[in-house]
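Read through the structure below, which is laid out as structure tokens, and then see the notes.
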Amino acid sequence: MSDFTTILNKDTFSRKDIIDLLNASPEDRTRLFARSAEIKTEYVGNVVYFRGLIEFSNICEKDCFYCGIRKSNRKTQRYNLTDDEVLSAARFAWENNYGSVVLQGGELESPAFTGRIEKLVKGIKALSEDKLGITLSIGEQSPDVYKRWFDAGAHRYLLRIESSNRELYYKIHPHDNTHSFENRMQALYDLRNAGYQLGTGVMIGLPFQTTGDLADDLLFMKELDIDMCGMGPYIEHADTPLWQFREQLLPLEERFDLALKMIAILRIMMKKINIASATALQAIDPIGREKALKIGANIIMPNITPGAYRNDYKLYENKPCMDEEAADCRNCLEARIHMSGNKIGFNEWGDSLHFKEKDKPA
Ligand code: SAH
């Protein structure tokens, strides 16, 4: 048996194994993807769940060096959807049998903001007879705030650690009170304590990042015993500080390739978690998200933000589907998902099986 096959057949991967898998030749990569696809089919099935993505605001107090909506980017036109706009986007998801929505936005911390999200979560529950599942992705908040939103009806939360390597974290974020690696890490524990299905993730192909860092990221997710993951390629944005390092980056196709390998390896390591097919994959390859669904991802987040605002939620360059409305997205996606050999879990929450089975007695 080749070394590569020996690794693929292991029960648990060491850091070195993961690095070898990330460095797989094109031929070995095909075997990695075949294995991860097989595991996906066996453990979570070839069903893709929808999370209608509502990017409710790009107003952000943070200044992350990679992100187009960072506080210091004066070129971004700031917007904040009205409550009615958020609720009608959620109604679209409900009427189109999406099963769940994600509220994502810039990061703010204030009593008014907390109250607003709480009201929106309750509003979404009310308009859908309690049936729409709700994922939040609104950054670091206090344990009390997490609890309030959970009690209001949100039950999943995605907070990417961005990089589990503290040193790298501080190369891509300012090092100050608003950007603390320790606080972000603590927030993950707070989310779990509040009762959420816990999601995290990283960007892949960041400047200064090594395959060793990526291997550590996967081991970190395993150790934290996450329920969900959203990770995708880093894509440079001209109006951000990291732009100056663009010449050091891997070519886009290599970042894409690494991102797919990360998804495949994680699916083998954590068989029953939910893995999102990140939108950033599609910024590089027009059928990037479908490729990820084929080899391990099982969640997709169709953008249902009203079209007029999409241009302003530009975390990175080349973000796909900027000129579309939610209904166009739906038609286009259905065809794409069927092409990837999956069916759509309409009207289902598609909760993390990993999470559900944690409470079961052994
Ligand atoms: N404020 C929320 C949501 C942030 S946007 C939070 O902090 O959780 C969601 C994700 O987009 C971020 O976590 C980050 O990983 C990703 N992102 C931001 N800029 C990016 C870029 N230039 N390339 C790729 N992904 C990016």
Side-chain angles (χ1 to χ4, degrees), residues 51 53-73 76 78 80 102-109 113 117 135-141 145-146 149 154 156-164 168-169 171-174 178-181 183-188 190-191 196 198-207 209 214 217 221 228-246 249-250 252 255-256 258-259 262 276-285 288-289 301 303 305 310 312-320:
R51 318 275 184 242
L53 175 64
I54 309 173
E55 298 160 333
F56 63 89
S57 167
N58 66 357
I59 302 170
C60 194
E61 274 167 6
K62 292 222 165 179
D63 228 359
C64 308
F65 294 154
Y66 44 84
C67 185
I69 65 165
R70 65 197 298 270
K71 184 181 175 182
S72 302
N73 184 8
T76 291
R78 301 290 162 171
N80 195 1
V102 183
L103 287 185
Q104 188 180 88
E107 238 169 285
L108 294 177
E109 272 187 274
F113 184 73
I117 300 297
T135 306
L136 298 179
S137 176
I138 322 178
E140 291 157 49
Q141 305 286 338
V145 171
Y146 286 150
W149 293 346
R156 297 184 288 242
Y157 205 108
L158 183 65
L159 183 80
R160 289 186 175 180
I161 190 71
E162 314 297 1
S163 168
S164 64
L168 178 55
Y169 187 89
K171 286 185 182 155
I172 60 170
H173 298 97
T178 8
H179 305 79
S180 149
F181 179 71
N183 290 353
R184 198 152 182 97
M185 194 67 91
Q186 183 57 45
L188 290 170
D190 295 340
L191 283 165
Y196 291 93
L198 179 63
T200 194
V202 295
M203 280 174 289
I204 298 154
L206 286 162
Q209 190 180 45
L214 291 171
D217 288 335
M221 294 180 207
M228 331 182 296
C229 177
M231 59 181 167
Y234 161 70
I235 299 170
E236 60 274 34
H237 188 299
D239 305 315
T240 62
L242 287 192
W243 179 250
Q244 64 187 297
F245 303 111
R246 66 193 175 282
L249 297 172
L250 290 173
L252 278 172
R255 274 179 259 165
F256 179 82
L258 265 183
M262 287 284 283
S277 180
T279 312
L281 290 164
Q282 200 188 333
I284 300 183
D285 181 327
R289 286 188 300 180
M301 297 169 30
N303 197 336
T305 309
R310 287 190 193 189
D312 294 320
Y313 198 83
K314 247 188 164 175
L315 309 174
Y316 43 82
E317 303 287 345
N318 214 4
K319 210 174 154 221

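Position 1 is the first residue of the sequence; numbering continues from there. First listed ligand is number 1; within each ligand, the first listed atom is number 1. Just so you know, these numbers use all the heavy atoms, side chains as well, and skip hydrogens, waters and symmetry mates.
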Out of H173, H179, E140, which residue meets the side-chain hydrogen bond (donor to acceptor under 3.5 Å, both in side chains) rule with K62?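 Going through the options one by one, the only one that passes is E140.
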For residues Q104 and Y313, is any side-chain donor paired with an opposing acceptor at under 3.5 Å?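 Result is yes, a qualifying pair exists.
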Are R156 and T135 linked by a side-chain donor-acceptor pair shorter than 3.5 Å?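 Side chains of R156 and T135: pair found under 3.5 Å.
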Mind checking whether [X] contacts ligand 1 via backbone (N, CA, C, O), side chain (CB onward), both or neither, at a 4.0 Å heavy-atom cut-off?
{"X": "P233", "value": "backbone"}
{"X": "Q104", "value": "side chain"}
{"X": "M203", "value": "side chain"}

Protein heavy atoms: any of them under 4.0 Å from atom 9 (C) of ligand 1?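 It does: a protein heavy atom is found less than 4.0 Å away from atom 9 (C) of ligand 1.
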Run the salt-bridge test on D63 and R70 with the 4.0 Å N-O cut-off and return the result as yes or no.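 Here D63 pairs with R70 in a salt bridge, since their nearest N and O are under 4.0 Å apart.
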Should K314 and E55 count as an ion pair when the cut-off is N to O under 4.0 Å?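 No.
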In terms of residue, atom name and distance, what is the protein heavy atom nearest to [atom]?
{"atom": "atom 15 (O) of ligand 1", "value": "E162 OE1, 2.6 Å"}
{"atom": "atom 16 (C) of ligand 1", "value": "R160 NH1, 3.5 Å"}
{"atom": "atom 11 (O) of ligand 1", "value": "L315 CD1, 3.4 Å"}
{"atom": "atom 7 (O) of ligand 1", "value": "E107 OE1, 2.7 Å"}

Could you go step by step and tell me if Y157 and Y146 meet the ring-ring contact (aromatic ring centres under 6.0 Å, His included) rule? CA-CA 9 Å; Y157 205 108; Y146 286 150; 5.1 Å; yes
Element-labelled atoms of ligand 1 that are located less than 4.0 Å from some non-hydrogen atom of S137: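 Per the distance check, 2 (C), 3 (C).
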Could you tell me which atoms of ligand 1, counted from 1 in the order shown, lie closer than 4.0 angstrom to a heavy atom of R184?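 Answer, ordered by atom number: 6 (C), 7 (O), 8 (O).
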Counting heavy atoms only, name the option from L136, I235, L206 that's nearest to atom 21 (C) of ligand 1.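 That would be I235.
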Would you indicate which of G105, A187, G139 comes nearest to atom 3 (C) of ligand 1 when only heavy atoms are counted?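 Ranked by closest heavy atom to atom 3 (C) of ligand 1, first place is G105.
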Main-chain N/O of A283 paired with N318 side-chain donor or acceptor, under 3.5 Å: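 Confirmed, N318 side chain pairs with A283 backbone.
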Can you see which heavy atom on C229 is nearest to which on G201, and at what distance?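 Here C229 and G201 meet closest at SG-CA, 4.2 Å.
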Test applied, side chain to side chain contact (heavy atoms under 4.5 Å, CB included); reference residue, R255; option that passes from L206, I204, L249: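 Passing option: L249.
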Is there any N or O on Y66 that sits under 3.5 Å from an N or O of ligand 1?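 It does: an N or O of Y66 is found under 3.5 Å from an N or O of ligand 1.
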